[in-house]
Amino acid sequence: MTHARPQGGDEAAFITAARSNDTAQFALITEPYRRELQVHCYRMLAHYEDAQDMTQETFLRVWNKRESFKGHAALRTWLYRIATNACLDFLEKRNDRTPMPAELPGAGSEVHYLQPYPDRMLPEDPQESAVARETIELAFIVAVQHLPPRQRAVFILRDVLGWPASKTAGTLELTVASVTSALQRARVTMREQLPDRRLDWRSPATHELSQDERGVVKSYIDAHERNDLDTLTALLRDDLRFTMLPDPGTLVVTAKDAVDGWVSGGLFQRGYDDWRCLATTVNLMPAAVLYRRTPDHPEHRLFNIAVLHIADGRIAELTGFDATDKPWLNLPATL
């Protein structure tokens with residue numbers, strides 16, 4: 001289990017606040033950890049609203065268990081332990097939080113409950129919670145969902161946050177051997193789910209968009225606003241992977257199928273031919289926010305957000321989300 005360590009400022013102050021039931025001091029000490037704990041819950045759950053709820057649940061549990069904290073472990077470690085177990089308890093009760101087989105043969109599975117994560121809610125200091133871009137991108141979040149919950153927790157603590165096996169074992173009340181075995185199995189699954197991606201999650205990673213990414217997003221937006229289907233098609237890789245969430249059964253795995261589906265669905269035809277767009281980022285990924293004006297309305301209204309994975313100057317993955325009724329995205333309702 002976790003070994004004793006000298007108490008730091010947060011640990012000592014937390015114990016003092018716990019003993020005196022000082023709610024204001026308790027909040028002052030724990031609040032700086034909120035964003036990194038919410039990112040941790042999001043990696044576990046792939047759903048922004050659930051991550052918010054479980055972060056709040058974590059703080060409630062922390063308050064209720066405050067007198068059990070003796071300072072033998074770092075306060076951060078103790079908070080992550082509570083957050084991880086809150087997520088595990090949540091997943092144990094929900095049978096709708098696992099990937100579902102895709103309708104297309106050979107297309108793998110879909111994570112219908114996936115939600116985008118607003119960049120403005122990421123920790124301000126990425127070193128504090130290992131928010132490397134590769135570990136918050138949608139493909140990574142989706143891949144993690146293919147791990148059983150406890151194996152998922154082991155993988156995130158060990159390979160994303162860089163915790164040693166002994167610390168992870170203590171947090172999850174497992175043996176070091178069990179942690180090592182779970183991590184080995186998790187790594188195999190992650191390699192299967194992300195065969196073309198870098199798998200060294202703890203190495204330095206950029207957070208900024210490249211010039212290529214910015215250029216493709218601009219071209220994507222220009223094509224939408226001009227109703228230029230040819231240019232839009234040219235931006236897509238032939239092996240494009242497209243899905244529109246939360247709609248089930250929208251996963252397609254070629255650019256041709258995606259474009260054929262858009263055209264048959266009425267894209268760039270009356271009612272779907274008056275667009276304005278904004279460039280943004282979510283999950284540290286380039287994205288375009290689409291606003292549509294219909295013949296019966298004077299303004300362009302928020303429609304959806306297209307999150308793009310760009311490789312070699314073309315769009316390799318396009319994940320669309322309904323952007324309405326998501327105030328946490330902080331997007332204007334109209335343009």
Side-chain angles (χ1 to χ4, degrees), residues 102-104 107 110-112 114-116 118 137-139 142 209-283 285-327 329-335:
E103 293 185 1
L104 289 177
E110 295 182 87
V111 178
H112 298 309
L114 177 68
Q115 289 185 333
E137 287 184 339
L138 292 177
V142 167
L209 298 187
S210 68
Q211 285 298 108
D212 271 356
E213 289 174 316
R214 295 179 189 279
V216 170
V217 173
K218 183 179 184 302
S219 297
Y220 178 87
I221 286 174
D222 290 345
H224 252 285
E225 293 184 340
R226 297 197 318 270
N227 293 302
D228 185 346
L229 187 58
D230 289 338
T231 297
L232 186 61
T233 301
L235 291 170
L236 308 176
R237 278 195 1 183
D238 292 340
D239 59 347
L240 172 80
R241 182 181 177 90
F242 164 73
T243 190
M244 182 69 204
L245 296 170
D247 299 338
T250 58
L251 177 66
V252 297
V253 290
T254 71
K256 183 180 185 306
D257 288 342
V259 172
D260 288 348
W262 297 340
V263 172
S264 65
L267 187 65
F268 300 144
Q269 299 177 32
R270 182 170 172 78
Y272 288 86
D273 60 350
D274 192 346
W275 302 97
R276 288 186 64 189
C277 308
L278 294 176
T280 188
T281 60
V282 295
N283 293 74
M285 300 177 69
V289 188
L290 276 57
Y291 289 78
R292 179 171 66 111
R293 183 166 64 183
T294 55
D296 59 345
H297 200 276
E299 295 181 300
H300 291 82
R301 289 178 287 182
L302 182 61
F303 185 62
N304 65 29
I305 182 169
V307 186
L308 312 176
H309 172 63
I310 297 166
D312 300 323
R314 298 175 74 190
I315 299 169
E317 297 169 18
L318 194 163
T319 307
F321 295 94
D322 180 358
T324 60
D325 299 321
K326 293 180 177 62
L329 286 174
N330 200 33
L331 297 170
T334 60
L335 289 180

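Bear in mind that the values here come from a model prediction, so they are computed numbers and not experimental data.
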Asks: Which residues pass the side chain to side chain donor-acceptor pair (under 3.5 Å) test with Asp238, not counting sequence neighbours?
Replies: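 Checked Asp238 against side chain to side chain donor-acceptor pair (under 3.5 Å); zero matches.
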Asks: Determine, step by step, whether Asn283 and Val307 satisfy the side-chain contact (heavy atoms from CB on, under 4.5 Å) criterion, reporting the C-alpha distance in whole Å, the side-chain angles of both residues, the deciding distance to 0.1 Å, and the verdict.
Replies: CA-CA 9 Å; Asn283 293 74; Val307 186; 5.6 Å; no
Asks: Can you find a side-chain donor-acceptor pair between Thr324 and Asp322 that sits under 3.5 Å?
Replies: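 On atom types as modelled, these side chains qualify, holding a pair under 3.5 Å.
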Asks: What's the verdict on side-chain contact (heavy atoms from CB on, under 4.5 Å) for Leu335 and Glu299, showing C-alpha distance, side-chain angles and the deciding distance?
Replies: CA-CA 6 Å; Leu335 289 180; Glu299 295 181 300; over 6 Å; no
Asks: Count the heavy atoms belonging to other residues, nucleotides or ligands that lie under 6.0 Å from CG of Asp312, then report whether that count exceeds 12.
Replies: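 For Asp312, atom CG is not crowded (no more than 12 foreign heavy atoms under 6.0 Å).
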Asks: Please test Leu290 against Trp275 for side-chain contact (heavy atoms from CB on, under 4.5 Å), starting from the C-alpha separation and ending with a verdict.
Replies: CA-CA 7 Å; Leu290 276 57; Trp275 302 97; 4.1 Å; yes
Asks: Taking all heavy atoms of Arg301 and all of Thr294, pick out the closest pair and write down the distance.
Replies: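 Looking at all heavy atoms of both residues, the shortest contact is NH2-OG1, 3.2 Å.
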Asks: Would you give the length of the straight line joining atom CG of Asp239 to atom CD of Glu317, rounded to the nearest 0.5 angstrom?
Replies: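 With rounding to 0.5 Å, CG (Asp239) is 9.0 Å from CD (Glu317).
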Asks: For the residue pair Asp257 / Thr254, report whether a side-chain donor-acceptor contact shorter than 3.5 Å exists.
Replies: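 Present: a donor and an acceptor within the cut-off.
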Asks: Assess the residue pair Leu302 and Thr334 against the criterion (side-chain contact (heavy atoms from CB on, under 4.5 Å)); give the C-alpha distance rounded to whole Å, side-chain angles, the decisive distance to 0.1 Å, and a yes or no.
Replies: CA-CA 6 Å; Leu302 182 61; Thr334 60; over 6 Å; no
Asks: Looking at every heavy atom in both Leu235 and Val216, which two are closest together, and how far apart are they?
Replies: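 Smallest heavy-atom distance, with atoms named: CD1-O, 4.4 Å.
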Asks: Would you mind reporting whether Glu110 and Thr243 have side-chain heavy atoms less than 4.5 Å apart?
Replies: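 Side-chain contact under 4.5 Å: yes.
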Asks: Would you mind reporting whether Ile315 and His309 have side-chain heavy atoms less than 4.5 Å apart?
Replies: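 With C-beta onward as the side chain, the pair stays apart.
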Asks: Does some side-chain heavy atom of Asp222 sit less than 4.5 Å from a side-chain heavy atom of Thr231?
Replies: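 When only atoms from C-beta onward are counted, Asp222 and Thr231 do not touch, as no gap falls below 4.5 Å.
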Asks: How close do Tyr291 and Pro332 get, counting heavy atoms only, and between which atoms?
Replies: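 Minimum heavy-atom contact is OH-O, 2.6 Å.
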Asks: Are the side chain of Asn304 and the backbone of Ala323 linked by a donor-acceptor contact shorter than 3.5 Å?
Replies: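 Answer holds: no.
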Asks: Testing Arg292, His297, His300 for side chain to side chain donor-acceptor pair (under 3.5 Å) with Asp274, which one passes?
Replies: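 When side chain to side chain donor-acceptor pair (under 3.5 Å) is applied between Asp274 and each of Arg292, His297, His300, only His300 qualifies.
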Asks: Hey, are the side chains of Leu251 and Arg241 touching, using non-hydrogen atoms and a 4.5 Å cut-off?
Replies: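 They are in side-chain contact.
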Asks: List the atom of Val263, the atom of Leu229, and the distance in Å for their closest heavy-atom pair.
Replies: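 Scanning both residues, the minimum pair turns out to be CG2-CD2, 3.5 Å.
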Asks: Just so I know, are the side chains of Phe321 and Leu138 near enough to count as touching, which here means a heavy-atom distance under 4.5 Å?
Replies: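 They are in side-chain contact.
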Asks: Please give me the minimum heavy-atom distance between Thr281 and Pro286, naming the atom from each residue.
Replies: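 Thr281 and Pro286 have their closest heavy atoms at CG2-CA, 4.3 Å.
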Asks: Taking the ring centre of each residue, are Phe268 and Trp262 less than 6.0 Å apart?
Replies: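 Not close enough - the centres of the two rings lie 6.0 Å or further apart.
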Asks: Are the side chains of Ile310 and Val217 in contact, using a 4.5 Å heavy-atom criterion?
Replies: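 Touching, per the 4.5 Å side-chain cut-off.
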